[in-house]
Amino acid sequence: MSAPTTTPDTTPSSSSPPPARRRARLPRWLPLLVPAVLAVLAVLAVAPPDPLPDDADPARFSAGRAEADLRAVAAEPHPLGSPRQEQVRNHLVSRLEELGARVDVETDQVTTRAWGSPYPVATVHNIVATLPGRAPAEDGALLVVAHYDSAPGAPGAADDGAAVAAMLECLRALGTGDRPDRDVILLFTDGEELGALGARAYVSRHGVDGVAAVLNWEARGSSGPSLMFEAGEGSARLVRALSETGAVTFANSLSYEVYRNMPNGSDFTAFRDAGATGLNFAFIEGFHDYHGASDSVERLDRGSLQHHGETMLALTRLLADTPGTLRSGHTAVYFDLFGRLLVDYPVRWASVLAALTVLALAGSAVHGARRGVLRPGRTAAAAGGVLLVTAAVALAVTAQWWAVLALSPETRALPLHEPYARGGYVAAMACAALALVLAATRAARGRLRPAEWLAGSAVVWAVLLCAATVLAPGAGYLFQWPLLAALPALWAASHGGGPAQAASAAAWLTAPLAVAAVLYAPLADMLLTALGLPLAAVAFMLLCLGALPLLAALGGSPRSRITVPLAAAAACALLVATAVRYDYDGARPRPDALVHVSDTAERTFLWVSPDPEPDVWTSKVLDAGARRAPVDHYFPFERPALTAEAPALGIPAPGIAATGERTAAGRRTVDVRVTTRRDAWMLQVRLERAAVLECRVGGERLVAADLPKEDGPYLVVQWWGTTAADFSCDTAPGRRLRVDALDLTNGLPKEALALTGPRPGSVAPAPFGYAPTDAAVARGVKTL
């Protein structure tokens with residue numbers, strides 16, 4: 001007989017525990033939401049303020065009021081030594097006297113080693129306007145600097161007309177209140193485009209002992225906010241003053257670390273090298289207008305002018321009334337948050353903070369390892385994976401850039417190879433980077449725990465923090481603050497089952513991702529603008545380092561099986577689509593250049609173009625017979641250029657004559673004069689270094705044996721803005737002196753333009769400074 005069946009009583013008794021509830025799991029994408037929003041806001045915040053109209057409060061800076069002077073300055077190109085530059089100088093002197101400043105025009109001849117191998121020689125005319133203070137400080141005047149010369153073919157509205165006009169408007173605004181305590185000197189330099197010649201002349205004449213601080217204003221484009229990109233040694237007090245002005249401020253000490261190690265220079269370089277401290281400002285967007293014919297008043301962003309002026313006025317008012325020295329005993333670490341808050345602290349604090357943070361990281365990692373949450377070998381593998389992903393992203397972005405050049409070879413014609421259609425290429429690179437990050441998390445799925453990804457990322461940050469603290473202290477903040485924000489999540493992970501170990505890691509990972517988003521996103525955007533797409537890998541490596549906690553947040557999401565190929569496909573599609581539809585037009589012209597050379601020494605006449613290949617305009621004279629040949633005896637241009645036979649246009653070669661000769665102390669001395677027989681802007685002389693013992697040029701003594709070896713076998717000297725060049729050289733007795741001279745005019749003569757016709761709208765003259773630009777060159781050689 002079977003036992004009767006019974007139904008169990010499922011009614012919970014008061015003494016029974018309640019059934020377990022399912023723990024709520026936060027979605028993996030949640031840590032990305034807040035940081036993504038912050039990243040977008042941080043990038044959008046990097047913008048100049050709205051310009052004020054000409055009827056704004058008289059005590060405030062107004063771009064509308066400054067525009068009248070801007071139009072007078074930047075109506076047409078005005079390079080050093082040109083008749084138009086003299087007109088600009090007269091306008092500035094008149095306006096400065098009208099505004100109540102004491103004005104002097106200082107004329108000096110400058111011979112100096114600048115930024116290239118030729119030695120420039122020029123007569124510069126600096127405008128020095130002084131606003132006397134009520135109680136001049138013993139430790140010097142505040143020096144506000146901008147240059148009033150333009151590149152040869154550029155009206156110079158942005159570079160540097162915006163700063164020049166801003167200085168005039170600031171002087172007007174300063175006159176609406178009490179005079180400042182400290183003397184304020186407004187220095188309008190000459191010849192900056194040829195090697196900061198005016199600034200060097202000012203330093204040579206005055207020194208920097210009477211300068212409390214230098215505020216220099218520049219531009220490398222036609223739009224964007226005014227960035228404080230360089231600070232001098234001992235500038236911590238100036239950085240703090242910048243934060244106290246209340247002006248919208250974009251600055252970080254990483255840019256200082258980068259810029260001081262680059263070969264670039266500005267007027268600020270001359271003062272910095274002489275021992276002065278100060279701050280250097282520039283706006284850098286709209287690069288295709290830089291040094292070109294499109295650097296016009298119409299193209300200039302009025303917000304950039306407003307930002308230049310607002311910052312200039314606020315800093316001048318504050319520093320001119322600040323008692324005591326403006327130099328600090330140290331340089332600060334600093335960075336801005338959304339342009340509204342400038343964080344700064346001494347470098348010595350950075351070292352202490354870095355040491356404490358690394359010790360805290362080590363303690364968390366050891367604790368996690370002891371509890372079995374962090375496996376040391378796997379954590380080390382995660383750190384290696386982080387570095388591998390970052391390197392892979394850099395390689396992928398570089399490969400994409402090579403693909404751009406292959407798909408759009410005409411991009412090589414652009415200055416620095418920077419394309420107009422950069423948005424599509426940046427999006428393609430971003431998709432490629434995302435695909436690699438997702439692929440890495442998928443490859444490690446099941447092998448690495450999210451906590452180990454986070455610990456490995458923290459280790460990489462810690463190594464970079466230590467290296468930056470020793471080698472480049474101003475860059476350490478990039479790793480200091482994200483690492484500090486990651487410590488709570490890592491500590492929670494070390495207890496096992498904590499937020500960083502489970503899906504609820506979202507709440508903890510939001511902090512380091514948010515900090516990295518605010519610091520890295522706008523900086524990467526600036527780097528893309530400053531370095532250009534050929535060096536986009538630098539910006540994307542930075543973004544990768546900032547997004548390291550993503551690896552812990554994603555943790556090998558199964559959805560990556562779909563998202564990896566989608567992201568990779570999007571990268572390819574965007575790249576190809578952008579390259580295929582790329583074309584030149586009136587809004588995005590292709591730059592080109594054409595030079596006519598009359599070489600009487602070789603009895604040849606040539607068309608020369610530095611372009612990659614002939615275009616719709618240059619092909620009218622550069623036919624199928626054009627070939628590449630060295631042209632370094634005409635220009636300091638090392639690469640071969642396109643050359644073709646040209647007709648003689650009757651352009652006379654410069655005159656070369658010995659004006660004196662003597663032999664003494666075992667040396668033969670020859671005095672030489674080279675003159676242009678036309679209205680040339682530049683005279684150049686090349687001398688064989690092996691033939692000369694030394695030369696004296698414009699008061700400068702150049703000893704052949706002391707010249708840098710990288711200058712090559714020739715001593716090259718260029719005179720700018722003059723019709724005659726005088727120098728003397730010593731040779732061995734009986735040794736003849738071969739003088740290879742040429743002169744150059746900006747632009748082609750009318751006889752050449754009759755052969756080429758006008759440029760169509762799809763092409764424009766190449767900007768100055770990157771290669772030979774439109775010119776007529778005449779060369780002659782004489783042995784004296």
Side-chain angles (χ1 to χ4, degrees), residues 48-75 78 88-103 127-131 142-148 150 155-180 183-189 214-219 222-226 228 242 245-249 267 279 281-283 295-298 300-321:
D50 293 332
L52 294 182
D54 54 9
D55 58 354
D57 180 352
R60 299 185 64 184
F61 181 93
S62 162
R65 283 190 289 260
E67 186 172 333
D69 286 312
L70 177 64
R71 291 190 176 277
V73 169
H78 47 283
V88 171
R89 182 164 60 249
N90 292 338
H91 172 81
L92 294 177
V93 170
S94 175
R95 286 286 288 127
L96 289 165
E97 291 176 342
E98 179 184 318
L99 292 169
R102 186 178 70 234
V103 184
I127 304 171
V128 184
T130 304
L131 182 64
L142 181 65
L143 188 63
V144 184
V145 184
H147 67 90
Y148 74 97
S150 75
D159 181 23
D160 202 19
V164 168
M167 287 167 66
L168 294 174
E169 170 64 3
C170 281
L171 181 59
R172 182 210 59 77
L174 289 171
T176 63
D178 295 334
R179 278 192 305 156
D183 286 353
V184 176
I185 299 175
L186 305 181
L187 173 61
F188 300 82
T189 62
V214 177
L215 304 178
N216 188 65
W217 306 84
E218 265 289 356
S222 59
S223 60
S226 185
M228 196 281 280
L242 181 60
T245 60
V248 176
T249 300
D267 279 340
L279 305 176
F281 297 80
F283 50 86
D295 184 10
S296 62
V297 175
E298 289 70 29
L300 176 67
D301 182 355
R302 299 304 186 272
S304 301
L305 172 58
Q306 181 70 33
H307 199 192
H308 249 10
E310 279 187 8
T311 309
M312 185 188 297
L313 179 59
L315 257 182
T316 300
R317 278 178 169 155
L318 180 60
L319 295 176
D321 286 333

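Predicted, not measured: the structure shown is a model, and the values here were computed from it.
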S.K.: Of all the heavy-atom pairs spanning T245 and A314, show the shortest one and how long it is.
M.R.: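 Closest approach of T245 to A314, heavy atoms only: CB-CB, 3.7 Å.
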S.K.: I need the minimum non-hydrogen distance between G309 and C170, along with the two atoms involved.
M.R.: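 Closest approach of G309 to C170: O-SG, 3.7 Å.
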S.K.: With rounding to the nearest 0.5 Å, note down the distance linking CZ in R65 to CG in D55.
M.R.: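 CG of D55 is found 8.0 Å from CZ of R65.
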S.K.: Quick one: list whatever passes ring-ring contact (aromatic ring centres under 6.0 Å, His included) with F281, sequence neighbours left out.
M.R.: W217
S.K.: Would you say that R95 contacts L171 through its side chain, given a criterion of any heavy-atom pair below 4.5 Å between the two side chains?
M.R.: no
S.K.: When rounded to the nearest 0.5 angstrom, what distance separates CG in L142 from OG1 in T316?
M.R.: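 It comes to 5.5 Å.
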S.K.: Rounded to the nearest 0.5 Å, how far apart are CG of D69 and CG of L168?
M.R.: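 Taking CG in D69 and CG in L168, the distance rounds to 4.5 Å.
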S.K.: Go through the structure and list residues passing side chain to side chain donor-acceptor pair (under 3.5 Å) with H307, not counting sequence neighbours.
M.R.: none
S.K.: Where do V73 and H78 come nearest, in terms of heavy atoms and distance?
M.R.: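 Heavy atoms only, the tightest pair is O-CE1, 3.2 Å.
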S.K.: Quick one: does any side-chain atom of S62 pair with a main-chain N or O of P53 as donor and acceptor, under 3.5 Å?
M.R.: yes
S.K.: So does E169 pair up with R60, basic N to acidic O under 4.0 Å?
M.R.: no
S.K.: Could you work out, with side chain to side chain donor-acceptor pair (under 3.5 Å) as the rule, every residue matching T189, not counting sequence neighbours?
M.R.: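 Only D267 meet the side chain to side chain donor-acceptor pair (under 3.5 Å) criterion with T189.
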S.K.: Which residues satisfy the ring-ring contact (aromatic ring centres under 6.0 Å, His included) test with F188, sequence neighbours excluded?
M.R.: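 Result, ring-ring contact (aromatic ring centres under 6.0 Å, His included) vs F188: none returned.
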S.K.: Would you call P180 and L131 a side-chain contact if the rule is heavy atoms closer than 4.5 Å?
M.R.: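 Yes - at least one pair of side-chain heavy atoms lies under 4.5 Å apart.
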S.K.: Check side chain to side chain donor-acceptor pair (under 3.5 Å) between N216 and all other residues, then give those that pass, not counting sequence neighbours.
M.R.: N280
S.K.: Mind listing the closest non-hydrogen atom pair of A59 and A173 along with its distance?
M.R.: O-CB, 4.0 Å
S.K.: Out of curiosity, L186 CG to M167 CE, how far, rounded to the nearest 0.5 Å?
M.R.: 4.5 Å
S.K.: Would you list the pairs meeting salt bridge (Lys or Arg N to Asp or Glu O under 4.0 Å) in which at least one residue belongs to residues 301-321, sequence neighbours left out?
M.R.: E67-R302
S.K.: Report the distance from atom OG of S223 to atom CG of L305, rounding to the nearest 0.5 Å.
M.R.: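 It comes to 13.0 Å.
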S.K.: Please find the pair of heavy atoms, one from A165 and one from A66, that lie closest to each other, and give the distance.
M.R.: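 Reported closest heavy-atom pair: CB-O, 3.6 Å.
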S.K.: Does any non-hydrogen side-chain atom of T311 lie less than 4.5 Å from one of L242?
M.R.: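 In short, these two side chains touch, coming nearer than 4.5 Å.
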S.K.: Taking S226 for the side chain and F283 for the main chain, is one N or O donor matched with an acceptor at less than 3.5 Å?
M.R.: no
S.K.: For residues A282 and A219, report the shortest heavy-atom separation together with the two atoms involved.
M.R.: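 That would be CB-N, 4.1 Å.
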S.K.: Could you go through D159 and H147, starting from their C-alpha distance and side-chain angles, then the distance that decides it, and tell me whether this counts as side-chain contact (heavy atoms from CB on, under 4.5 Å)?
M.R.: CA-CA 8 Å; D159 181 23; H147 67 90; 3.0 Å; yes
S.K.: Compare all side-chain heavy atoms of L52 with those of Q306 and state whether any distance is below 4.5 angstrom.
M.R.: yes
S.K.: Taking the side chain as every heavy atom from C-beta outward, state whether L215 and L319 have any atom pair closer than 4.5 Å.
M.R.: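 They are in side-chain contact.
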S.K.: Hey, are the side chains of R172 and P58 touching, using non-hydrogen atoms and a 4.5 Å cut-off?
M.R.: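 Result yes, sub-4.5 Å side-chain heavy-atom pair found.
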S.K.: In Å, rounded to the nearest 0.5 Å, how long is the span from CG of L92 to OH of Y148?
M.R.: 7.5 Å
